[in-house]
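What follows is a single structure, written as structure tokens, with notes after it.
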Amino acid sequence: QQCPTNSRRLKMTNLLLVLEGLLLGSVWSKETCPRFRPDLPGIELRSLACKASALTTELQDSTNPMPNCSRLVFLFLVTLTLGLIFVLFFIGSYSISESCLSPVWHPKYTQSKYKTTRVRSICKVNTSVLQLPDFSKEPAQLQNFMKYRHCREFELLHNLPDKCKEDVFLLLVVKSNPFNYDRREMVRKTWGKERETPDVQEQGKANQLLEIESKEHQDILQWDFLDSFFNLTLKQYLFLQWMDNYCPSAQFIFNGDDDVFANTDNMVEFLLFSASAQKHLYVGYLFEGNKLVRDKRSKYYIPLILSTSNIYAPYIGGGGILMSSYSANAIYNASQTLQLFPIDDAFLGMCLEKAGLSPKSHDGFRTLGINDLLRKGKTEQPCILRKLMLVHRYLPLELLLMWDAVNNPNLKCGHQPHP
């Protein structure tokens, strides 16, 4: 059958077929009625039309036929009544068959107690990956990643086109799941506050919350795709694209998670005296010589069909990265020539390698925590944090308490172990 071009036309076409079957009994007679097939759109309605047709035939063949005029009036009333029933039935329960929709844009419908929500997908599945050896044996999340990793264009639901209309020295970019409202609030109340230069960067209630946040704080960027661990790479790519379009004037970028303690004052001081926006800078906690994980039980599992390399290119841990605009542009340019990879910080390292650049370690970034520093002496944690740039990770309440302690003017710090 010819698939209709849109859902509205689909509704009209099937409804007209139903009414035609009622009015012209010969069209939907017992002999010509198709058997019920769930794979054919609208077949439920046609089956009902067949029953209605059989009903009109039985009425016409009755041994006590009504007069012609009365029979026509009766048939008209039956037609009108059943037609209205079918309209209500159609509106209440009819669903669109996916096979009759464009492969580029599939509206899917999820029913809830209160309303129907449409979830859009704007990307065609890469079916060639289905032929890869043992593809069906890989975890479902990895299968989905490989089917859609070519997809890079998504609707920007919340944008900040004027965020960088003034000169930006250090742009703070925080990767966050829509549900992590408490973490974002603590970032805003602590190290993510806008001071002289910095900036901070469809899941029902979570999206409603983001709508409120965006109106109140004007610091949310959100795209229309599933927020998952493997899609962090996509989030990084889309941010770099956004920055290229809307914030090219930013000199430096801090890119981090929403559960870190970041000492942005120390970052600014470091950048003012040790860096140039026009030169390569990409620092943080360095991972070098790390092997790809082949254990399916691991969150970081990478199968051979996705990468045959055994060693990652050097990369900075995704908890917090400080980079220049020069390096950000180089990564964005390289990312357009590489396939997306499910581990976001490793992917950025691949982009650096492609651009002929290298990440560098900085002792002020403690992605794996500071327990080793606390064991060195009796120095209190706030005093250690005063010397650092980033520590991963903190719960929202811990972050607020530690921020207040670090910025307490009465805090007295003696000799501290050098990080």
| said: Is it the case that atom CZ in R152 sees more than 12 heavy atoms from other parts of the structure closer than 6.0 Å? | reply: yes
| said: Rounded at 0.5 Å granularity, tell me how far CG in N263 sits from OG1 in T190. | reply: 10.5 Å
| remark: Paired with E194, the salt bridge (Lys or Arg N to Asp or Glu O under 4.0 Å) test is passed by just one of K163, R188, K189, namely K163
| request: Identify the residue among L157, D162, L156 that makes a side-chain contact (heavy atoms from CB on, under 4.5 Å) with N159. | output: L156
| field | Approximate separation, where rounding is to 0.5 Å, of I302 CD1 and T308 OG1 | value | 12.0 Å
| request: Show your reasoning for whether ring-ring contact (aromatic ring centres under 6.0 Å, His included) applies to F229 and F145. | output: CA-CA 10 Å; F229 174 68; F145 174 82; over 10 Å; no
| query | When rounded to the nearest 0.5 angstrom, what distance separates CD1 in I212 from OH in Y181? | reply | 8.5 Å
| query | Can you list the steps and then say if Y148 with N231 is a side-chain contact (heavy atoms from CB on, under 4.5 Å)? | reply | CA-CA 10 Å; Y148 296 101; N231 275 345; over 6 Å; no
| said: Show the nearest heavy-atom pair for residues Y301 and P139, with the distance to one decimal. | reply: CE2-CD, 3.7 Å
| request: In sequence, state the C-alpha distance, the side-chain angles, and the governing distance for N126 and M146, and then conclude on side-chain contact (heavy atoms from CB on, under 4.5 Å). | output: CA-CA 8 Å; N126 176 15; M146 296 181 69; over 6 Å; no
| Sole residue of I253, L322, I331, L357 in side-chain contact (heavy atoms from CB on, under 4.5 Å) with Y282 | I331
| query | After noting the C-alpha distance and the side-chain angles of K279 and Y326, does the key distance pass the side-chain contact (heavy atoms from CB on, under 4.5 Å) rule? | reply | CA-CA 6 Å; K279 295 182 179 180; Y326 174 91; 5.7 Å; no
| Over all atoms of both residues, closest heavy-atom pair of V260 and W191 | O-NE1, 2.9 Å
| said: Is it true that N207 and Q222 share a donor-acceptor pair across their side chains at a distance under 3.5 Å? | reply: yes
| Say you draw a straight line from CG of D344 to OH of Y237; how long is it, rounded to the nearest 0.5 Å? | 15.5 Å
| message | With a sphere of 6.0 Å drawn around OH of Y332, does it hold more than 12 non-hydrogen atoms of other residues, nucleotides or ligands? | response | yes
| task | Carefully, step by step, assess Y285 and H392 under the rule ring-ring contact (aromatic ring centres under 6.0 Å, His included). | result | CA-CA 11 Å; Y285 190 91; H392 190 233; over 10 Å; no
| remark: The residue among K291, R297, K299 that forms salt bridge (Lys or Arg N to Asp or Glu O under 4.0 Å) with D295 is R297
| query | How many angstroms lie between atom CZ of F254 and atom CG of L390, to the nearest 0.5 angstrom? | reply | 5.0 Å
| request: Kindly give the heavy-atom pair with the smallest separation between A313 and G349, and that separation in Å. | output: CB-O, 4.1 Å
| said: Any carboxylate oxygen within less than 4.0 angstrom of a Lys/Arg side-chain nitrogen, looking at R184 and D219? | reply: no
| request: Find the distance between CG (N177) and CG (L232) and round it off to the nearest 0.5 Å. | output: 9.0 Å
| request: Answer yes or no: is there a side-chain heavy-atom contact under 4.5 Å between M323 and L352? | output: no
| salt bridge (charged side-chain N to carboxylate O under 4.0 Å, His left out) evaluation trace for R183 with D257 | CA-CA 10 Å; R183 295 183 181 182; D257 291 344; over 6 Å; no
| query | Side-chain contact, heavy-atom cut-off 4.5 Å: V187 with L172? | reply | no
| Full working for side-chain contact (heavy atoms from CB on, under 4.5 Å) between I316 and L348 | CA-CA 8 Å; I316 298 297; L348 296 179; over 6 Å; no
| Audit row: K235, D227, salt bridge (charged side-chain N to carboxylate O under 4.0 Å, His left out) steps and yes/no | CA-CA 8 Å; K235 190 179 291 189; D227 197 308; 2.8 Å; yes
